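Okay, so here's the structure we're looking at.
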Amino acid sequence: MSEEQILSKAYDPAEVEKKWYSIWENRGYFHANPKSSKTPYTIVIPPPNVTGILTLGHVLNNTLQDILIRFEKMNGKETCWVPGTDHAGIATQAKVEAYLKKEKNLTRYDLGREKFLEQVWAWKEKYGGTIIKQLRTIGSSCDWPRERFTMDDGLSNAVKEVFIRLYEKGLIYKGHRIINWCPKSRTALSDEEVNYKEEKGHLWYFRYPFADGSGHVIVATTRPETMMGDTAVAVNPEDERYKDKIGKKLILPIVGREIELVADSYVEKDFGTGAVKITPAHDPNDYELGLRHNLEVINIMNDDGTMNAAAGAEFEGMDRYVCRKAVVAKLEELGCLDHIEDYTHQVGYSERGDVPVEPRLSDQWFVKMEPLAAPALKAVEDGRIRFYPERWVKTYRHWMENIKDWCISRQLWWGHRIPAYTCDKCGHIMVARDMPSACEKCGCDKLTQESDVLDTWFSSWLWPFSVFDWPRQSEELKRFFPTQSLVTGPDIIFFWVARMIMASLEFMGDIPFKDVYFTSIIRDEKGRKMSKSLNNSPDPLEVVKQYGADALRFTIIYIAPVGQDIRYSNEKCEIGRNFANKIWNVVRFRLSQGPASADWMSLDGLSSTDLRADDQWIIARLNQVVASVTEGLRAFRFNDICKQLYDFIWSEFCDWYLESCKPVFREADSQGKGNVLRVFDYCLGTFLRLLHPVMPFVTDELYHQMGFAAEESSIMLSAWPTALSDETLAKLGVTVDTVPMAEGKFELIRATRTIRATYQIAMSKALDMVIVPTGEKETAYLSKDMLTLKSLFGANTITVQAGYQPDGPCGVAVSGMGTAYIPLAGIVNVEEEVKRLRKQEAEWEAYLAGVRRKLSNENFVARAPKEVVEKEREHITEFEEKLCRVREQLKSFGA
RNA sequence: GCGCGCAUAGUUCAGUUGGUUAGAACGCUACUUUCACACGGUAGAGGUCACUGGUUCGAGUCCAGUUGCGCGCACCA
């Protein structure tokens, strides 16, 4: 290589990545045109929380989307990837509350609703959307001018429209129900926002005496602190132990209230004592039972999980868990504690607040889900929407078939305020776009807007069409909806995916997307989930700094099998970094041979006689790779295509083809040099494009370094490679034999290298060798391309001669292609060589025995496909020949 | 309890409809700083594909069961 090197020895991604991203964005490559005549291809980003920062999960998720977008763009589609963020009600409100507490020592109550919301917006402007900026560093080709936020005017309008339509249709209603309450965030939650954790607790057994003094009933409970709200004790009507006591009165200890012993089939005879204390205000099952028996409902807790006055002066103000201890102590003191058992059970935790949820009776807004679920289930069942991996269909179906009404109201301030207005006078509720001037029932003009806001997901479920300004029939909506692919985590299949399908079918009359790809969950090297508390989640930006964005992208896709969790560690990014460096050096090598061929784009004009066997081989292999990578991308087999490209470029193109080109390039006068350079460039240009969706930066840089794209253009704008036709391949002399013959040759070369390694003969020592080909075809094959062959064998001379018998000590390399004899006078160690050959002999003999056994099985010969049997027969011939050679050699050693 | 997933080399994992001698990366051993790349190259060691049975001419692959691990859903207070 000359003194002035064109490219540095090792690829340094930092500058390249920075340069290309701003070029792509500034030139508007990511911006979709709704007026384009191209077929649209749309993806809407799963909007990250506006408070969020980039995690490896986002890297995986967004790289996959970026791969699809870049691939489809190169395929000539009008691609539109809509980015945006989610207002994330609870998370954001909590974050800003914490911020205000820390900075100004203020609570949201100090500020009041309006002032607080101003602060949230200010916070959002200042700190929000970090993640959106970070997405650029990993190369995401989002249509940034179309960035949306779920609290934008447009999206808020869509939310209001949907609420009103569903209300008018009778699918939204206000109900008095037991819901999941988060005492920390002080809001209702949906069932999906509750996570159950197994917890070791106790089962307390308490004696509740009969009012008439005739003994007592023992009840078992996990929640002693709720007993002040008990309004009955229930037993199974069939339970012989209690049958004659049903209807009798009990005295609730501590409180002194008279409660009845009721019978209800809900109670299991075999659990505990068969008697259950009933607390309608604090347990959903008890509430249902209470309705059946007309029981009084006594709420004994405040919204923050402390006890209220109804719990009694003794306990008022106590936290629920403090109260639990106090109640147990009190009952023990009163002699009502029978005994305590250890008990492991599931406790529901608030997803955001990470505290146990409290079942709480309150007025909330709900969406009636069954009518929406039916068509949404059908769309997936009949394959209009496909899931990858498909097994999630089962999970989806199960949820859809057991769907419960969705609690959508939240007692928060940050979010879309429910467009409902209550008459101060008569309590009549009106749902409207704007505040009505007067109550439609009593005419009173004093109306109050509902103070609750909507669940964040109530805006997210409209995302695929609200981002295009629905209900306005915008150009974009008509053009880019429905979208094509959705890439998201399986953890939000109910929260988001299912609901989007329902909303789209309901409001757009169409599916929101065709394919849903569920990503893997990223774990650390020990298999643990990435979490803040474990401090085991690497910062992707640091990884990018250390290894490069392409390296991170490639690595994470490469190690992510479809539907399986990933074990990630930073060191794994060496895979991607080394690979990028490898490709970099291919171009570095290529440029040392002069500029790119003018007609690198195609192989037009070349014919079989212009090409060496290795050229035909790499063309054949590249063609297979083009076809299978294209197919792989369409089938969402992302890690598979990474492996294919990695193996092809590294193990085939670099290890064999590039080495095979070296002697030709060294021969300045070689006639074929131009043709070989063309094939080389054709391959390079093709695989850079194949790799571009996964490694966008380094591929565009190298594409330009090679001069494959003009300065003002980009690999992004180039066409996706297509496989050559059979006709073209025939013209180039690529036949069914091309690949197997080349591989046979490589096998022979490897065998000679093994001998070199055994005797420590350096590659630089050129050998005079003789090859005895297996047959005529092989003779012809090995007689061509002598320049290349000599280089690959490291030979001074190669004599291709059938029937050659060595007359001195030599090493022998046996393969299906032929046998190579390497003179080793003075070097060969007979004992060593015999050992090596014996091992080889044993290996092949064992294999041959297996094949013979197979072929002697009549059933195999009769029932297996002809090609399979034929192949086995060929193996017999091949291995017999090989064994023969090995034995001959052994004989010559006198073994 | 119901459903789902996983078990392949020392480690982390590929292995698409059953069909050559089960692959890769990292690690390990030997050689190699040779003019693309030491983020490199060449060669090598290393596997009863968790276990048991079945289907088949043929099973890492399909079926049933067992064991172990993980996840989701639903729960009896």
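In the text below, chain A, chain B and the rest are named by the order of the sequence lines, each starting its count at 1. Here the structure is a predicted model, which means the values were calculated and not measured.
Residue-level contact check: A/Pro865 touches the bases, meaning some heavy atom is under 4.0 Å from a base atom. Counting any heavy atom pair closer than 4.0 Å across all strands shown, A/Arg590 reaches no nucleic acid atom. Among the heavy atoms of the strands lying under 4.0 Å from A/Lys572 are primed sugar atoms or P, OP1, OP2 only; no base atom is included. Among the protein residues, A/Glu268 comes within range of the nucleic acid bases, having at least one heavy atom under 4.0 Å from a base atom. Across all strands shown, A/His875 has heavy atoms under 4.0 Å from base atoms, whether or not it also approaches the sugar-phosphate. A/Lys662 comes within 4.0 angstrom of a base, heavy atoms only. Using a 4.0 Å heavy-atom distance criterion, A/Val267 is classed as a base contact. In this structure, A/Glu659 reaches the bases: a heavy-atom distance under 4.0 Å links it to at least one base atom across the strands shown. As judged by a 4.0 angstrom heavy-atom cut-off over every strand, A/Tyr396 is placed among residues making no nucleic acid contact. Among the atoms of the strands shown, none is found under 4.0 Å from any heavy atom of A/Ser764.
Contact of the A/Glu351 side chain with the A/Glu192 side chain is not registered, since no non-hydrogen atoms from C-beta on lie closer than 4.5 Å. Looking only at side-chain heavy atoms (C-beta outward), A/Tyr208 and A/Pro253 come within less than 4.5 Å of each other. Within the 4.5 Å cutoff, the side chain of A/Thr226 has no heavy atoms near those of the A/Asp283 side chain.
Taking side-chain N and O atoms only, A/Lys839 has a distance below 4.0 Å to OP1 or OP2 of B/A45. Neither OP1 nor OP2 of B/C39 sits under 4.0 Å from any side-chain N or O of A/Arg577. Of the side-chain N and O atoms in A/Tyr558, none sit less than 4.0 angstrom from OP1 or OP2 of B/A14. For the OP1/OP2 pair of B/G40 and a distance below 4.0 Å, the side-chain nitrogens and oxygens of A/Asn578 include at least one atom meeting the criterion. Proximity of A/Arg567 to the phosphate of B/C13: a side-chain N or O atom is located under 4.0 Å from OP1 or OP2. Under 4.0 angstrom from either OP1 or OP2 of B/C76 there lies at least one side-chain N or O belonging to A/Asn285. Contact annotation: A/Lys643 side-chain N/O to B/A25 OP1/OP2 distance is not under 4.0 Å. Within the 4.0 Å cut-off from OP1 or OP2 of B/G41, at least one side-chain nitrogen or oxygen of A/Trp650 is found.
Taking atom P in both B/A43 and B/C26, one finds a spacing of 15 Å when rounded to whole Å. Between the P atoms of B/A59 and B/A74, the separation comes to 43 Å (whole Å). For B/A24 and B/C37, the P atoms lie 25 Å apart once the distance is rounded to whole Å. When the P atom is compared between B/C75 and B/G70, the two are found 24 Å apart, to the nearest whole Å. Separating the P atom of B/C69 from that of B/C28 is a span of 32 Å, rounded to the nearest Å. Nucleotides B/C39 and B/U52 have their P atoms positioned 46 Å apart, rounded to a whole Å. Comparing B/A14 with B/G47, their C1' atoms sit 15 Å apart, to the nearest whole Å. The gap from the P atom of B/A22 to that of B/U48 amounts to 12 Å, rounded to the nearest Å.
The ring of A/Trp399 has its center closer than 6.0 angstrom to the ring center of A/Phe494. Aromatic pair A/Trp392/A/Tyr396: centroids not less than 6.0 angstrom apart.
Between A/Leu658 atom CG and B/G41 atom C1' the separation is 12 Å, expressed in whole Å. What separates CD of A/Glu192 from P of B/A74 is a distance of 8 Å, to the nearest Å. Summarising the geometry, the separation between CD on A/Gln644 and C1' on B/U16 is reported as 10 Å, rounded to the nearest angstrom. The distance from atom CG of A/Leu7 to atom P of B/C37 is 12 Å, rounded to the nearest whole Å. Atom P of nucleotide B/C4 and atom CZ of A/Arg391 are separated by 11 Å, given to the nearest angstrom. B/C75 atom P lies 6 Å from atom OH of A/Tyr196, rounded to whole Å. Remark: C1' of B/G44 and CD of A/Glu843 are 12 Å apart, rounded to the nearest angstrom. Taking atom CD of residue A/Glu872 and atom C1' of nucleotide B/G58, one finds them 10 Å apart after rounding to whole Å.
Nucleotide B/U12 is matched to B/A24 when pairs are restricted to Watson-Crick or G-U wobble geometry with both distances under 3.5 angstrom. Nucleotide B/C6: paired with B/G68 (Watson-Crick or G-U wobble, both distances less than 3.5 Å). The partner of B/U55 is absent, by the rule that a Watson-Crick or G-U pair needs both atom distances under 3.5 Å. Using the Watson-Crick or G-U wobble rule with both distances under 3.5 Å, B/C75 pairs with nothing in any strand shown. When both pairing distances are held under 3.5 Å, B/U29 makes a Watson-Crick or G-U pair with B/A43.
Each of A/Ala757 and A/Thr273 was matched to the nucleotide of RNA chain B holding its nearest heavy atom; the match closer to the 5' end belongs to A/Ala757. Of the two residues contacting RNA chain B, namely A/Thr754 and A/Asn585, the nearest-nucleotide position lying further toward the 5' end is that of A/Asn585.
One can find a donor-acceptor pair under 3.5 Å joining the base of B/C37 and the side-chain atoms of A/Lys582.
Across B/U42, B/A25, B/A36, the shortest atom-to-atom separation from the side chain of A/Ile575 is found for B/A25. Considering only the side chain of A/Asp655, B/U42 comes nearest among B/A43, B/U42, B/C39.
Relative to the six-membered ring of A/Tyr558, A/Lys643 meets both conditions, a distance below 6.0 Å and an angle of at most 45° to the axis.
Looking at A/Arg634 and A/Glu631, no side-chain N of the basic residue comes within less than 4.0 Å of a carboxylate O on the acidic one, giving no salt bridge.
In this model, no donor atom of one side chain and acceptor atom of the other lie less than 3.5 Å apart for A/Tyr657 and A/Asp655.
In this structure, A/Phe554 and A/Phe579 have tilted ring planes: the angle between them lies in the 30° to 60° band.
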